[in-house]
Number of protein chains: 4
Amino acid sequence: MARTAEKRERSRHEKRNLILQTAQSLFSENGYAATTIADVAKSAGVSFGSVFSYFESKEALFKQSLLEPLEQNKSIFLRFTTLETPSETVQALIRIHMEFVARNAAFLRIIQQVIAQRAQFPDLFEELDRFNHEFQDALCPIILQGQEMGEFSSGDPNLVATSYLSFLIGLRLAYADPPGHPLWTGMMVMAYRLFGPTAGSGNS
Amino acid sequence: MARTAEKRERSRHEKRNLILQTAQSLFSENGYAATTIADVAKSAGVSFGSVFSYFESKEALFKQSLLEPLEQNKSIFLRFTTLETPSETVQALIRIHMEFVARNAAFLRIIQQVIAQRAQFPDLFEELDRFNHEFQDALCPIILQGQEMGEFSSGDPNLVATSYLSFLIGLRLAYADPPGHPLWTGMMVMAYRLFGPTAGSGNS
Amino acid sequence: MARTAEKRERSRHEKRNLILQTAQSLFSENGYAATTIADVAKSAGVSFGSVFSYFESKEALFKQSLLEPLEQNKSIFLRFTTLETPSETVQALIRIHMEFVARNAAFLRIIQQVIAQRAQFPDLFEELDRFNHEFQDALCPIILQGQEMGEFSSGDPNLVATSYLSFLIGLRLAYADPPGHPLWTGMMVMAYRLFGPTAGSGNS
Amino acid sequence: MARTAEKRERSRHEKRNLILQTAQSLFSENGYAATTIADVAKSAGVSFGSVFSYFESKEALFKQSLLEPLEQNKSIFLRFTTLETPSETVQALIRIHMEFVARNAAFLRIIQQVIAQRAQFPDLFEELDRFNHEFQDALCPIILQGQEMGEFSSGDPNLVATSYLSFLIGLRLAYADPPGHPLWTGMMVMAYRLFGPTAGSGNS
DNA sequence: GATGAATGAGGATTCATTCAT
DNA sequence: TATGAATGAATCCTCATTCAT
């Protein structure tokens, strides 16, 4: 009995996730307005009414399409392990972030939409703003440390962090298809440059 | 007689531009779908039907909102004067571009939308892609020259150019209110870093 | 001076007729609703506003498109010369009517429209109804005379007249292009049959 | 369960037919353009949106208003039983057709509209043209046989068939109120005359 | 909970008519 | 009188949301 309930619960959860992922994909491709609930239902292979069983409204679905992945992946950006030197830490971070960006184009495009149409999604935009600040708070100490150690050029570390995030989000996710593409390696170098690496601190 | 016709013609053109600028502003704030023609008409202070006598459709209005400023300002990005050294040229460019970005937030946000929802605006996206390539073609020689002169670190110049453009477009146009804000100066430094300036070539 | 005024008057009239004929042609092809005033103006090669200088409204233009040719050609149907025998008279009539139908397809099609959508054009329909009655009144004596002389089978002459008119109006004006087409000759024979010609009174 | 689904299905079908019949009636009275979807919805007692859940567009609704009755009643015109003699067969046919015309004025008026405005409904017109040809093919053998037996005057049987159909379609459906009206009997006689009945073959 | 039909508010677009020049 | 820009009412159609089954 408990087993059955559990299974049912799992299946419920899976269906919810299926809908959410489908929605994320469609929203990211076509935008909020051009994506209909009927599209989502059809693409996900569930009934039209089901979407409303799992999500209160279209807006709620869109919000979750952004907020859930954001929550799940926050730690990638906010909690990182420090290596021997700041430059090593930052380079490792960049690698992880680029990998993430390469693999989560849909998520990134939704972020781009929210930023580009902030007036339409004020609370989502605020959430992203909050994330930006948290990211700054997390990254600044490393940058400062690197600057003190002479690995990075001096400059407002908050500015560096924001620029870096803008750069990631602004990436034209076109070539992005294969995460192993050499372009991504090149982009990592570019990203690293934003930190102002001094000669001999890893910038090729 | 000719004078009257001329005057009428001028007024016609002014009205058209009024509508276009209003549309640009609203599209940039709320996005394509959330902006109604009635909104545009009301904001511009013209009648509902007038919008349609100047623009064939909502889509045409949106396209012109992007294409006309793009055409008018292309030269800022594609035709620039070279100074003594590549690093000076690039720094001058960055100043001009940042100024432009600071003053044309609406235009930039429309570009962001098109990029974020390329499936919805395929031809506009293509146009932007073309621009990207032209920009690369224009900028690469300077970058190469700088690399040869030792002012810039080595690296694929196309990648540098694309990164730089992405960085500009990706800028979060939030703080951007006054074009004279110190943030813009900081952003110029960040932008310059993408070119991989070597020590002594102007990166503070 | 008087000469000039006259000429101007003539030109005025000609322009009016040009608009009217163009309208008739377009109304007949596309129907009342699918024909726009702008279409008419463009086809006639006059300015948009001109149409309203000559006709109070779209509806007035449509009405005139029907009523003026109706008035002009009424006599063809209502005042005819009687020949030696009723059968000869009727056959001459039929020839004239068919010729008219072949040459005035546009006019006929407008009539068809009014009849098919009588609720939309009640007064025009009434006008056609009146014409139908006048036609009956004009034709019945001939038919009666023919019946009395044994040339035509007996039967309500009003019914014959109405049937004949319905037949003319109902003709599918498709093949009708060249008025000299053999089909028209065939149709004359068919039309004559409605009068119930007895053997030896001209029905081949 | 199956019973419920079946019932629902039936009700769905009934609602669809209700809308279709209402539309047919309004289209026939006022014409395509002057009939609004809102009119149809109101007359049928369904919501505005419902019309669109049963029919893709206004145009589709109009097409079905013609095509469905056409399909359903084709057999009346194309498959008939032959009696002793061609004249008897034709007279029986005429009785059936007149009865049909008297009872289906709305359908006939839609046909008249399509014919009168063929440029607007080219595919429907083509469909009617096809029907015309099928009707000719079906009727000609009878006519020929009658001509050979001396019951009908000679003449191109295709012409006779087309004339007869034009006559039916061209009938002014005004008097038509009660199908039992004596006018219809008179019209049958007129219709029969088109076949060129010789003396003694049933033409009164 | 699952389904999908029903609803109607909202928005793009058309076009007759008006009116200033 | 000629012109054609301005206006906004009217209409088709979409689609989020509700709700009965």
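Numbers restart at 1 for each chain; the letters A, B, ... are given by sequence-line order, proteins then strands. Everything quoted here is computed from the prediction, not taken from an experiment. Basis for what follows: all heavy atoms, side chains included, without hydrogens, waters or symmetry-related copies.
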Answer with base, sugar-phosphate or nothing: what part of the nucleic acid does [X] contact at a heavy-atom distance below 4.0 Å?
X	value
Thr36(B)	sugar-phosphate
Ser53(B)	sugar-phosphate
Tyr54(C)	sugar-phosphate

Whole-Å distance between [N] [atom2] and [X] [atom1]?
X	N	atom1	atom2	answer
Phe48(C)	dT3(F)	CZ	P	12 Å
Phe55(A)	dA16(F)	CZ	C1'	16 Å
Lys15(D)	dA5(E)	NZ	C1'	7 Å
Tyr32(B)	dG11(E)	OH	P	13 Å
Glu59(C)	dT17(E)	CD	P	8 Å
Glu56(D)	dT14(F)	CD	P	8 Å
Ile19(A)	dT3(E)	CD1	P	9 Å
Asn30(B)	dG11(E)	CG	P	12 Å

- Within the pair Ser50(B) and dT7(F), is there a side-chain N or O less than 4.0 Å away from OP1 or OP2?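 True: Ser50(B) side-chain N/O within range (under 4.0 Å) of dT7(F) OP1/OP2.
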
- How does DNA chain E look in dot-bracket notation if pairs are Watson-Crick or G-U with both distances under 3.5 Å, crossing ones as [ ], other-strand ones as |? .||||||||||||||||||||

- Spacing of Phe125(C) atom CZ and Ile111(C) atom CD1 [to the nearest 0.5 Å]: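 One gets 12.0 Å once the value is rounded to the nearest 0.5 Å.
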
- Note on the structure: Distance col, row Ser65(C):OG vs Leu61(C):CG, nearest 0.5 angstrom, shows 4.5 Å

- Task: Would you please say whether a donor-acceptor pair under 3.5 Å links the side chains of Ser47(A) and Ser50(A)?
- Result: yes

- Considering all heavy atoms, the nearest Thr22(D)-Val40(D) contact: CG2-O, 3.8 Å

- Minimum heavy-atom distance between Ser57(B) and Phe52(B), given as atom pair plus value: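 Shortest heavy-atom separation between Ser57(B) and Phe52(B) comes out as CA-CE2, 4.1 Å.
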
- Query: With nearest nucleotides of DNA chain E determined for Ser57(C) and Ala38(B) from heavy-atom distances, which residue corresponds to the more 5′ nucleotide?
  - Reply: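 Per heavy-atom nearest nucleotide, the more 5' residue is Ala38(B).
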
- Note on the structure: Result for 5'-nearest mapping on DNA chain E, choosing between Thr35(B) and Lys58(C), is Thr35(B)

- Query: Closest nucleotide of DNA chain F for Ala34(A) versus for Val51(B): which of these residues is on the 5' side?
  - Reply: Val51(B)

- Query: Which comes earlier along DNA chain F counting from the 5' end, the contact point of Gly45(B) or that of Ile37(D), where each point is its nearest nucleotide?
  - Reply: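 It is Gly45(B) whose nearest nucleotide is closer to the 5' end.
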
- Looking at dA2(E), dT3(F), dT7(F), which one has an atom nearest to any side-chain atom of Ser47(A)?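 The closest nucleotide is dA2(E).
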
- Message: Using a 6.0 Å distance limit plus a 45 degree cone around the ring axis, check whether Lys58(D) lies over the aromatic ring of Tyr32(D).
- Response: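 Satisfied, under 6.0 Å and within 45°.
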
- Task: Answer yes or no: is there an ion pair linking Lys63(A) with Glu127(A), defined by an N-O contact shorter than 4.0 Å?
- Result: no

